[in-house]
S.K.: 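Starting off with a structure, shown below.
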Number of protein chains: 2
Amino acid sequence: MTTNSWLTALQENGYRLTSARRAVVEKMAHTRTALNPLEVYDQTRAACPGLGLVTVYRTLEKLEELGLIQRVHQPGGCNAYLPSAHGHQHLLICRACGKAEYFEGDNLDEFFARVGQQNGFTISEHWLQLFGLCPTCQAK
Amino acid sequence: MTTNSWLTALQENGYRLTSARRAVVEKMAHTRTALNPLEVYDQTRAACPGLGLVTVYRTLEKLEELGLIQRVHQPGGCNAYLPSAHGHQHLLICRACGKAEYFEGDNLDEFFARVGQQNGFTISEHWLQLFGLCPTCQAK
DNA sequence: GCTATAATTGAAAAACGTTTTCATTATGAC
DNA sequence: GTCATAATGAAAACGTTTTTCAATTATAGC
Ligand SMILES: [Mn+2]
Ligand SMILES: [Mn+2]
Ligand SMILES: [Zn+2]
Ligand SMILES: [Zn+2]
């Protein structure tokens, strides 16, 4: 189960398991929509009363550092997080609710290499993201 | 000349031409590297002494609203601006100095439509950006 | 060119999201 | 259970962006 593997990852990297971390991990490991720190805070307080927003920031920082979550950039803001993509995956995100799907299958490395060459750049990374409306938000 | 067409665009939309706006337009219309508000401010004060940072914010806001500049998202921050891309162009950006090149020729619309369909999403937009090192920064 | 009007300006203050500080609490090794 | 210390939450500090406001300036009409 994902929650446990995330907790193990924290532990193996010398971090202690606290109720605050358990709650944030539980939330982030299962979310299918991108969440910013305040949203994580609001949606986690029930499971962990007394939780501080500061701790949410600190926990997200550690989860990102361990590669378990990734920051997601969207037209409306760039401080939301999602579980990390695996391998060469990209994101399809709902403009309205932040619901995300991962996809793969783009094959542009040759094209990117050519673009780099034409401009004298060495290319180290690419960002590809699709935005649209998820089934739920289309219905509204 | 680009500066003049930008100034005309401002004027035609009911905005007055001031020395502050001329200076910011002069800078933004010609920059090849992504600049954030403070950088614009610092690089514009010589041309317009007494310029306020607030005015830079307000002018960038208007230039973006008129579609003359676009916000650029980068791993290190998301508040820099560049002259807008034309047509279906994407950005290749230097990780070190922010130098940007525009490119086109990606042809992924069918692929994107398929990804959308498979997930029940209607797709309205895509972001594609390449990051690397420009010739100058490679040499350093 | 001069005047009247309203847009624009910069300084200061406020607001905002995020980070740092610090005394207290809780975890995990022994 | 004891102990060392990592982690916590409250409060303060911080950097960035926005709002407020009185003074200035651009422009339309004369
Ligand atoms: Mn890719
Ligand atoms: Mn494209
Ligand atoms: Zn949605
Ligand atoms: Zn460079």
Side-chain angles (χ1 to χ4, degrees), chain A residues 4 6-28 34-66 69 71-81 98, chain B residues 4 6-28 34-66 69 71-81 98:
Chain A
N4 282 328
W6 288 31
L7 293 173
T8 303
L10 281 168
Q11 214 162 25
E12 285 176 348
N13 284 79
Y15 296 120
R16 295 181 178 178
L17 299 188
T18 66
S19 60
R21 286 179 180 165
R22 284 177 207 278
V24 173
V25 163
E26 182 70 30
K27 170 57 65 177
M28 290 310 298
L35 299 174
N36 64 40
L38 191 59
E39 288 169 330
V40 175
Y41 176 63
D42 285 336
Q43 298 178 26
T44 310
R45 280 157 83 180
C48 183
L51 173 70
L53 178 56
V54 203
T55 300
V56 172
Y57 274 95
R58 290 191 275 229
T59 305
L60 291 175
E61 184 180 46
K62 281 167 186 61
L63 295 179
E64 185 178 27
E65 165 201 324
L66 296 180
I69 61 173
R71 181 183 291 267
V72 176
H73 300 256
Q74 294 170 273
C78 304
N79 42 9
Y81 291 88
Chain B
N4 282 329
W6 288 30
L7 293 174
T8 303
L10 280 168
Q11 213 162 25
E12 285 178 349
N13 284 80
Y15 296 120
R16 295 182 177 176
L17 298 189
T18 67
S19 60
R21 287 180 179 161
R22 284 177 208 278
V24 173
V25 163
E26 182 70 29
K27 169 58 64 176
M28 291 309 299
L35 300 174
N36 63 39
L38 191 59
E39 289 169 330
V40 175
Y41 175 63
D42 286 336
Q43 298 178 26
T44 309
R45 280 157 83 181
C48 182
L51 174 69
L53 178 56
V54 205
T55 300
V56 173
Y57 274 95
R58 292 191 275 226
T59 305
L60 291 176
E61 184 179 47
K62 281 167 187 61
L63 295 179
E64 185 179 27
E65 165 200 324
L66 295 181
I69 62 173
R71 180 183 291 267
V72 176
H73 301 256
Q74 294 171 272
C78 304
N79 42 10
Y81 291 88

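Every chain is numbered from 1 and lettered A, B, ... according to where its sequence line falls, protein lines coming before strand lines. Atoms considered below: every heavy atom in the structure, side chains included; atoms not considered: hydrogens, waters and symmetry mates. The structure displayed is predicted, hence computed values, not measured ones.
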S.K.: Closest approach to the side chain of R58(B), judged atom by atom: which nucleotide of dA11(C), dT18(C), dT5(D) is it?
M.R.: dA11(C)
S.K.: From C-beta outward on L17(B), which listed nucleotide comes closest to its side chain: dG28(C), dT27(D), dT9(C)?
M.R.: dT27(D)
S.K.: Among residues at least two apart in sequence or on other chains, which ones pass side chain to side chain donor-acceptor pair (under 3.5 Å) with Y57(A)?
M.R.: none
S.K.: Could you list the residues that satisfy side-chain contact (heavy atoms from CB on, under 4.5 Å) with E64(A), not counting sequence neighbours?
M.R.: I69(A), R71(A), Y81(A)
S.K.: The side chain of A20(A) lies closest to which of these nucleotides: dT8(C), dA7(D), dT8(D)?
M.R.: dT8(D)
S.K.: Donor-acceptor pair, R21(A) side chain versus T59(A) backbone, under 3.5 Å?
M.R.: no
S.K.: Partners of R45(A) by salt bridge (Lys or Arg N to Asp or Glu O under 4.0 Å), sequence neighbours excluded?
M.R.: D42(A)
S.K.: So if I take every side-chain heavy atom of V54(B) and compare against dA11(C), dA6(C), dG17(C), which nucleotide ends up nearest?
M.R.: dA11(C)
S.K.: Using a strict heavy-atom distance below 4.0 Å, which residues from residues 34-50 of chain B are in contact with DNA chain C?
M.R.: G50(B)
S.K.: Which pair of non-hydrogen atoms, one from E39(A) and one from A34(A), has the smallest distance, and what is that distance?
M.R.: OE1-O, 3.7 Å
S.K.: How far apart are the closest heavy atoms of T44(A) and A23(A), and which atoms are they?
M.R.: CG2-CB, 3.2 Å
S.K.: By nearest atom, which of the nucleotides dT20(C), dA7(D), dT27(D) is closest to the Q11(B) side chain?
M.R.: dT27(D)
S.K.: Backbone N or O of Y15(A) within a donor-acceptor pair of the N13(A) side chain at under 3.5 Å?
M.R.: no
S.K.: Given that both pair distances must be under 3.5 Å and the pair must be Watson-Crick or G-U, what runs of three or more consecutive pairs involve DNA chain D?
M.R.: C:1-30 with D:1-30
S.K.: Run the side-chain contact (heavy atoms from CB on, under 4.5 Å) test against E61(B) and tell me which residues pass, sequence neighbours left out.
M.R.: none
